[in-house]
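Presented below is the structure to which this report refers.
All residue numbers refer to positions in the sequence shown, counting from 1.
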Amino acid sequence: MNSRGSNNRLSSSTSTFRSRISFLMLSMFSAMAALYVAGRLWLDSENRVYLIQELDRRTGQGRSAISVDDTLKIITCREQQKRLAALQMELGKSSQEGFVSKHLLDNYGKDSKKKLLAVVGVSTKFGNKKNRDAIRKAWMPTGAALKKLQEEKGIVIRFVIGRSSNRGDSSDRAIDDESRHSNDFIILNDHVESPQEQSKKTKSFFAHAVEHWDAEFYAKVNDNVYVNLDAVGTVLASYLDKRRAYIGCMKSGEVFSQPEQKWYEPEWWKFGDGKSYFRHASGEIFAISKALAQFISINRSILRTYAHDDVSAGSWFIGLDVKHVDEGKFCCSSWSSGSVCAAA
């Protein structure tokens with residue numbers, strides 16, 4: 001009897017021990033499987049993050065490479081500022097009639113800024129100080145008069161120039177000295193001044209101007225052009241209802257494919273068998289509305305430039321829903337009676 005009871009207890013203990021071993025093995029297997037799955041998920045997550053970052057780096061989407069549709073949506077949203085300005089005017093009228101508290105009106109006044117009519121950039125070079133001085137004497141105000149022009153007529157004028165390829169040399173120092181004395185420069189510190197880089201300079205000017213001044217229009221002028229500012233202001237004001245306006249003396253012309261030719265275009269082959277440029281505004285003077293300047297600012301890193309800045313500007317707008325305004329008064333070289341400018 002005792003021997004049989006001992007055998008039963010031994011068999012029961014062995015069975016219990018085996019069950020515990022099996023449970024422990026199953027637990028260890030489950031833990032290892034969980035760790036393996038978690039590790040794979042973590043690795044996959046890291047790979048996805050890396051691939052997304054690499055894609056952003058290579059395509060430029062991490063900065064500004066967005067679709068035209070998205071860009072125009074952004075611009076449309078920003079244009080709601082115009083409606084806000086109109087509401088602020090209504091707020092002022094209501095306050096005068098006693099419907100709004102003076103405290104509320106004062107708070108609105110602190111945040112509001114008068115919108116400018118135009119920012120005019122006069123593209124110049126290091127060796128063209130005589131041109132700049134001639135412009136200052138002829139049509140561009142200086143000193144207090146320059147500020148008065150901005151306050152009373154809503155027009156900002158600045159000479160636009162880049163930096164020397166030998167940063168900090170005598171050319172840079174001369175421009176810095178002239179700028180301190182006249183206070184009428186936009187110095188593009190990230191742009192190297194060069195005849196071959198004029199298109200990039202024009203693009204940088206529009207991006208800089210729209211980021212620093214809130215205006216209806218942004219205009220580019222060469223430093224050998226004389227301008228009637230009052231007449232230019234009148235012309236631009238007549239197009240305030242055009243939200244996406246590209247205004248200038250529209251032209252086309254031959255694309256020169258030989259390097260020895262004066263107006264040689266290295267990428268002539270892109271303009272078809274006829275080698276003729278699409279319609280674009282003359283580079284002597286042209287203006288664009290705020291929405292287009294914002295488009296340039298947002299997409300500056302992916303906008304293509306050609307040998308000439310007027311052709312480049314035209315290429316930026318040719319695929320957009322833009323109003324091309326062929327403004328004969330901006331034809332400076334024609335010396336027509338209605339022109340608001342004249343090329344020297």
Any luck finding a side-chain donor-acceptor pair between [X] and [Y] under 3.5 Å?
{"X": "Arg132", "Y": "Thr124", "answer": "yes"}
{"X": "Asn166", "Y": "Ser164", "answer": "no"}
{"X": "Ser123", "Y": "Gln198", "answer": "yes"}

Determine which pairs satisfy disulfide (SG to SG under 2.5 Å) with at least one residue from [range], sequence neighbours left out, and list them in order.
{"range": "residues 158-209", "result": "none"}
{"range": "residues 117-191", "result": "none"}
{"range": "residues 221-253", "result": "Cys249-Cys331"}

Joint cluster assignment, Val192 & Ile187, ILVMFWY side-chain distance < 4.5 Å: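 No, no single cluster joins them.
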Not counting sequence neighbours, which residues clear side-chain hydrogen bond (donor to acceptor under 3.5 Å, both in side chains) with [X]? List them please.
{"X": "Asp190", "value": "none"}
{"X": "Lys220", "value": "Asn222, Asp309"}
{"X": "Ser312", "value": "Ser199"}
{"X": "Arg167", "value": "none"}

Has [X] got a side-chain atom pairing as donor or acceptor with [Y]'s backbone, closer than 3.5 angstrom?
{"X": "Ser297", "Y": "Ala293", "result": "no"}
{"X": "Glu193", "Y": "Gly162", "result": "yes"}
{"X": "Tyr218", "Y": "Gln294", "result": "no"}
{"X": "Lys201", "Y": "Val160", "result": "yes"}
{"X": "Arg180", "Y": "Ile175", "result": "no"}
{"X": "Trp316", "Y": "Leu292", "result": "no"}
{"X": "Arg158", "Y": "Val122", "result": "no"}

Closest approach of [X] and [Y], non-hydrogen atoms and distance?
{"X": "Val225", "Y": "Val221", "result": "CB-CG1, 3.8 Å"}
{"X": "Ser339", "Y": "Gly328", "result": "OG-O, 4.2 Å"}
{"X": "Arg173", "Y": "Gly168", "result": "NH1-O, 2.8 Å"}
{"X": "Glu284", "Y": "Cys332", "result": "OE1-CB, 3.4 Å"}
{"X": "Arg136", "Y": "Thr142", "result": "CB-CG2, 3.9 Å"}
{"X": "Ser194", "Y": "Gln196", "result": "OG-OE1, 2.7 Å"}

Show which side-chain atoms of residues 145-154 pair as donor or acceptor with protein atoms under 3.5 Å away, not counting sequence neighbours.
{"residue": "Lys153", "atom": "NZ", "partner": "Asp230", "partner atom": "OD1", "Å": "2.5"}

Pair Asp310-Lys251, salt bridge (Lys or Arg N to Asp or Glu O under 4.0 Å): steps then yes or no: CA-CA 10 Å; Asp310 53 355; Lys251 64 176 185 176; 3.5 Å; yes
Student check: side-chain heavy atoms of [X] and [Y] closer than 4.5 Å:
{"X": "Val232", "Y": "Val120", "result": "no"}
{"X": "Lys290", "Y": "Asp214", "result": "yes"}
{"X": "Arg244", "Y": "Lys323", "result": "no"}
{"X": "Phe217", "Y": "Val119", "result": "no"}
{"X": "Asn224", "Y": "Asn131", "result": "yes"}

Taking only residues two or more places apart in sequence or in another chain, which ones pass ring pair (Phe, Tyr, Trp, His ring centres under 6.0 Å) with [X]?
{"X": "His191", "value": "none"}
{"X": "Tyr239", "value": "none"}
{"X": "Phe286", "value": "Phe206"}
{"X": "Phe205", "value": "none"}

Pair Val322-His324, side chain to side chain contact (heavy atoms under 4.5 Å, CB included): steps then yes or no: CA-CA 6 Å; Val322 171; His324 285 61; 4.1 Å; yes
Verdict with reasoning, Ile161 to Leu188, per side chain to side chain contact (heavy atoms under 4.5 Å, CB included): CA-CA 6 Å; Ile161 198 167; Leu188 303 171; over 6 Å; no
Verdict with reasoning, Lys203 to Leu303, per side chain to side chain contact (heavy atoms under 4.5 Å, CB included): CA-CA 9 Å; Lys203 181 170 63 173; Leu303 289 178; 4.1 Å; yes
His208 and Trp213 aromatic ring geometry - parallel, tilted or perpendicular at 30°/60° bounds: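 If you compare the ring of Trp213 with that of His208, the planes turn out perpendicular.
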More than 12 heavy atoms of other groups within 6.0 Å of Asp133 CG: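 It does: Asp133 CG has more than 12 such atoms within range.
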